[in-house]
Amino acid sequence: IVSISNAELVLSVTAAAQGNGSISFTDMRGSVLHSRTVQLQQGENLIRIPMNGVHKQMGIVQVIGAQAERMHLKVIL
């Protein structure tokens, strides 16, 4: 995690290869609060997730890379 604020969560993700990936933010009840496809470049990528309207809570960020590698982060807002 690079930064977190009331407006957005910024993640630094290192991708093994260029291609489409996906990112999602899910609350602890399993509700998906944000999900989208992202274009990843090989190496470091900054991904911004809007937090507008998300109340302070704990959630899970899942990133799936272009080669199906997965990363999960627990986030406390």
Side-chain angles (χ1 to χ4, degrees):
I1 297 176
V2 175
S3 70
I4 190 167
S5 70
N6 290 337
E8 68 181 359
L9 169 65
V10 181
L11 301 173
S12 174
V13 175
T14 301
Q18 179 178 333
N20 288 333
S22 66
I23 187 160
S24 64
F25 179 65
T26 306
D27 68 15
M28 297 309 289
R29 294 179 306 226
S31 298
V32 177
L33 304 175
H34 181 81
S35 179
R36 75 173 193 269
T37 300
V38 291
Q39 178 62 40
L40 299 171
Q41 302 300 319
Q42 184 175 8
E44 186 175 348
N45 297 267
L46 289 180
I47 299 174
R48 299 176 186 280
I49 300 173
M51 292 286 116
N52 297 341
V54 175
H55 302 288
K56 294 187 183 241
Q57 61 183 305
M58 188 166 39
I60 302 292
V61 174
Q62 175 178 269
V63 180
I64 301 175
Q67 294 183 325
E69 63 274 20
R70 292 176 183 257
M71 178 179 68
H72 296 88
L73 299 169
K74 185 187 324 183
V75 177
I76 301 173
L77 303 176

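Values reported hereafter were calculated over all heavy atoms of this structure, with side chains retained and with hydrogens, waters and symmetry mates removed. Position 1 is the first residue of the sequence, and the numbers go up from there.
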message: According to salt bridge (Lys or Arg N to Asp or Glu O under 4.0 Å), does anything in residues 13-25 pair up with another residue at least two apart or in another chain? List the pairs.
response: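 Of all non-adjacent pairs touching residues 13-25, none passes salt bridge (Lys or Arg N to Asp or Glu O under 4.0 Å).
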
field: Residue pairs fulfilling salt bridge (Lys or Arg N to Asp or Glu O under 4.0 Å) with at least one residue in residues 17-29, sequence neighbours excluded
entry: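 Counting only pairs at least two positions apart or across chains, the salt bridge (Lys or Arg N to Asp or Glu O under 4.0 Å) contacts touching residues 17-29 are Asp27-Arg29.
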
Side-chain heavy atoms of Asn20 within contact of Gln39, under 4.5 Å: yes

Which residues pass the side-chain contact (heavy atoms from CB on, under 4.5 Å) test with [X], sequence neighbours left out?
X	result
Ala16	Gln67, Glu69
Ser35	Ser24, Val32
Ile23	Leu11, Arg36, Val38, Ile47, Ile49, Val61, Val63
Arg48	Glu8, Val10

Mind listing the closest non-hydrogen atom pair of [X] and [Y] along with its distance?
X	Y	answer
Asn45	Ala15	ND2-CB, 3.8 Å
Leu40	Gly65	CD1-CA, 3.8 Å
Ala66	Ala17	CB-O, 3.9 Å

ILVMFWY cluster, Ile64 and Ile60 together (side-chain gap under 4.5 Å):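 Per the 4.5 Å side-chain linkage, Ile64 and Ile60 are not co-clustered.
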
field: Straight-line distance of His72 NE2 to Gln62 CD, nearest 0.5 Å
entry: 3.5 Å

query: What is the distance from atom NZ of Lys74 to atom CE of Met58, rounded to the nearest 0.5 Å?
result: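 Lys74 atom NZ to Met58 atom CE measures 5.5 Å (nearest 0.5 Å).
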
